[in-house]
Amino acid sequence: MFWKKKNNNSLFLGSDLTIANYLSDGVLIFDKNNKLVFVNLQTEEFFQIRKEKILGKSILGLSRFLGFDPLVSLLVGTTKEFFRKELQIRENFILEVTSSFMIIDGEKCGTLVILHNVSREKIAEKMKSEFVTLAAHQLRTPTSAVKWSLQALLDGDLGELNKKQREILEKIYNTNDKVIRLVKDLLNLAQIEEGKFLSKIVLSDIEDIIQLIVNTNKSLIKEKKLNFEFKKPKDKLPKVMLDVEKMKIAVENIFDNALRYTPSGGNISISLEDKKKEIEVKIQDTGMGIPRNQQAKVFAKFFRAANIMKVDTEGTGLGLYIAKNIIEAHGGKIWFESEKDKGSSFYFTIPVKESFREFITGRFY
Amino acid sequence: MAKKILIIEDDKFLRELISQKLLKEGYDIAEAVDGEKGVKSVKDEKPDLILLDLILPGMDGFEVLVKIKEDSEIAQIPVIILSNLGQKDDIEKGLKMGAVDYLIKAHFTPGEIISKIKAILK
């Protein structure tokens, strides 16, 4: 150990700092008064600064040096013993900052900050999702052209069709629509992975959002002769902080599965419950259910259960993955109970305003 | 007199598909294949409505929209954006810049696009 506590509870740095000095990660050590007492070579390199200039400065005092601002606001804003967060220092330069209190004999005697350069990984991730976005957009022109020309044929714009011709054209049309849906899902996915997922967060009613999704599916509910019930609590639910567009996608993806995989005449219900710190939403169906041995993978990307693949080839396997990411980005949880051939119940929670605020400020990256 | 629709779209096949549908519905049409020609056509043809793609060679659709809205002689012509870009940012940007509607190509059929046009030209 290269630091020791002296009898007056201040941090004593031993003479053997060579290892710390040559680590490929940046290392900074602050004493219990938040004065900088050690920086290694890599830190000097990261911030392009000589250690003589910054040693002895307080955390706040560092903010007047170029490039330290983001790090200072991060360190000042926290009272946690340990945290890890990604921090953009400048364009294309991202550090993963790990900060932990150094505690000797139950007493804090300093803070150790480690800076790990993750720029390469982050840039690669960004390029990957940009590629997906670009490819998906490029696919939209040809799929639109196919959709439009098939529609022209089906509308009889180029002459009357016989029954067989119509049937096969309708099949092509539906297949093409599946590609269009896949492209839409891929674009949502790329957005999630770019981490810019929640954009406009406003105080809203989850009930209204669910009602909206229910309304757009009314004709399908009728067509499949499903018994549908939306159970709203008697008392008005508290409003929640939501990215409305994203929450609509999440609810739609879950509800769409219930509609799709519940046979005609089955039951579907949605219920809402006020759990004080959060609102719990339950979407229950009497559909095909998920086989037990596949339940662990339900929220994985591109997962489709074996039993549904046989009856329905439309799904993309991205719906629940996207829904889970959206719910979790809001600080909520998602889970389910399911039995094959009996049905599934999907639950998710949305924190009320106060809990959401805690979640957003105390978020670990 | 038949209403005139200007289609600014670089993809030949898509342009043809939508033009044919519009002609069949009894509209006059004008076409432009890129942003510069699009702006010029708006001035020359004075259409009743413009269908505007966003990703165009050279001047893009957003720039075309700016040029249209800057010119008081043509600024009042309704513009419907018809694009592949479906991100919320793009939609909001387009509507904020004065487009009357924003349709994602793959999610609408020509028939639905025409219903939108009819509703706007009413």
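Letters A, B, ... are given to chains in the order of the sequence lines, protein chains preceding strands, and every chain is numbered from 1. Model, not experiment: these values are computed from the prediction.
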Quiz item: Any luck finding a side-chain donor-acceptor pair between B:Ser83 and B:Asp90 under 3.5 Å?
Solution: no
Quiz prompt | Greater than 12 external heavy atoms within 6.0 Å of B:Gln76's CD | solution = yes
Quiz item: Is there a side-chain contact between A:Tyr173 and A:Lys147 (heavy atoms, below 4.5 Å)?
Solution: yes
Quiz item: Ion pair present between A:Asp205 and A:Lys239, side-chain N to carboxylate O less than 4.0 angstrom?
Solution: yes
Practice problem: Measure distances from A:Asn176 to the heavy atoms of chain B and classify the residue's part below 4.5 Å as side chain, backbone, both or neither. | Solution: neither
Quiz item: Do A:Leu161 and A:Leu169 pass the side chain to side chain contact (heavy atoms under 4.5 Å, CB included) test, and can you show the C-alpha distance, the side-chain angles, and the key distance before you say yes or no?
Solution: CA-CA 10 Å; A:Leu161 300 171; A:Leu169 282 173; 3.7 Å; yes
Exercise. Report, by ascending residue number, the residues of residues 8-17 of chain B in heavy-atom contact with chain A at a distance under 4.5 Å; give 'none' if the set is empty.
Key: B:Asp11, B:Phe13, B:Leu14, B:Leu17
Practice problem: Pull out the residues in residues 57-72 of chain B that come under 4.5 Å of chain A, heavy atom to heavy atom, sorted by number. | Solution: none
Self-check item: SB check A:Glu125 A:Lys122 (cutoff 4.0 Å)
Solution: yes
Exercise. Return yes if some donor-acceptor pair links the side-chain N/O of A:Thr216 with the main-chain N/O of A:Ile213 below 3.5 Å, else return no.
Key: yes
Quiz item: Do the side chain of A:Thr143 and the main chain of A:Arg140 share a donor and acceptor less than 3.5 angstrom apart?
Solution: yes
Quiz item: Can you find a side-chain donor-acceptor pair between A:Asn215 and A:Gln211 that sits under 3.5 Å?
Solution: yes
Quiz item: Given A:Ile279 and A:Val240, is the side chain to side chain contact (heavy atoms under 4.5 Å, CB included) satisfied, shown in steps?
Solution: CA-CA 8 Å; A:Ile279 295 173; A:Val240 281; 3.8 Å; yes
Quiz item: Taking the side chain as C-beta and beyond, is there a heavy-atom pair between A:Arg166 and A:Asn162 under 4.5 Å?
Solution: no
Self-check item: Criterion side-chain hydrogen bond (donor to acceptor under 3.5 Å, both in side chains) on A:Gln151 and A:Asp155, from CA distance to verdict
Solution: CA-CA 6 Å; A:Gln151 190 65 50; A:Asp155 286 351; 3.0 Å; yes
Practice problem: Answer yes or no: are there more than 12 heavy-atom neighbours, outside A:Phe131 itself, under 6.0 Å from its atom CZ? | Solution: no
Self-check item: NZ/NE/NH1/NH2 to OD/OE distance under 4.0 Å, A:Glu167 and A:Lys164
Solution: no
Quiz item: side chain to side chain contact (heavy atoms under 4.5 Å, CB included) between A:Ile89 and A:Ile94: does it pass, once the steps are laid out?
Solution: CA-CA 6 Å; A:Ile89 304 297; A:Ile94 298 149; over 6 Å; no
Quiz item: In residues 27-42 of chain B, which residues are in contact with chain A at a heavy-atom separation under 4.5 Å?
Solution: none
Self-check item: Residues from residues 103-122 of chain B approaching chain A under 4.5 Å (heavy atoms)
Solution: B:Ile104, B:Lys105, B:Ala106, B:His107, B:Phe108, B:Thr109, B:Pro110, B:Ile113
Quiz item: Is a side-chain N or O of A:Asp208 found less than 3.5 angstrom from the main chain of A:Ser204, in a donor-acceptor match?
Solution: no
Self-check item: Salt-bridge present (A:Lys333, A:Glu328; N to O < 4.0 Å)
Solution: no
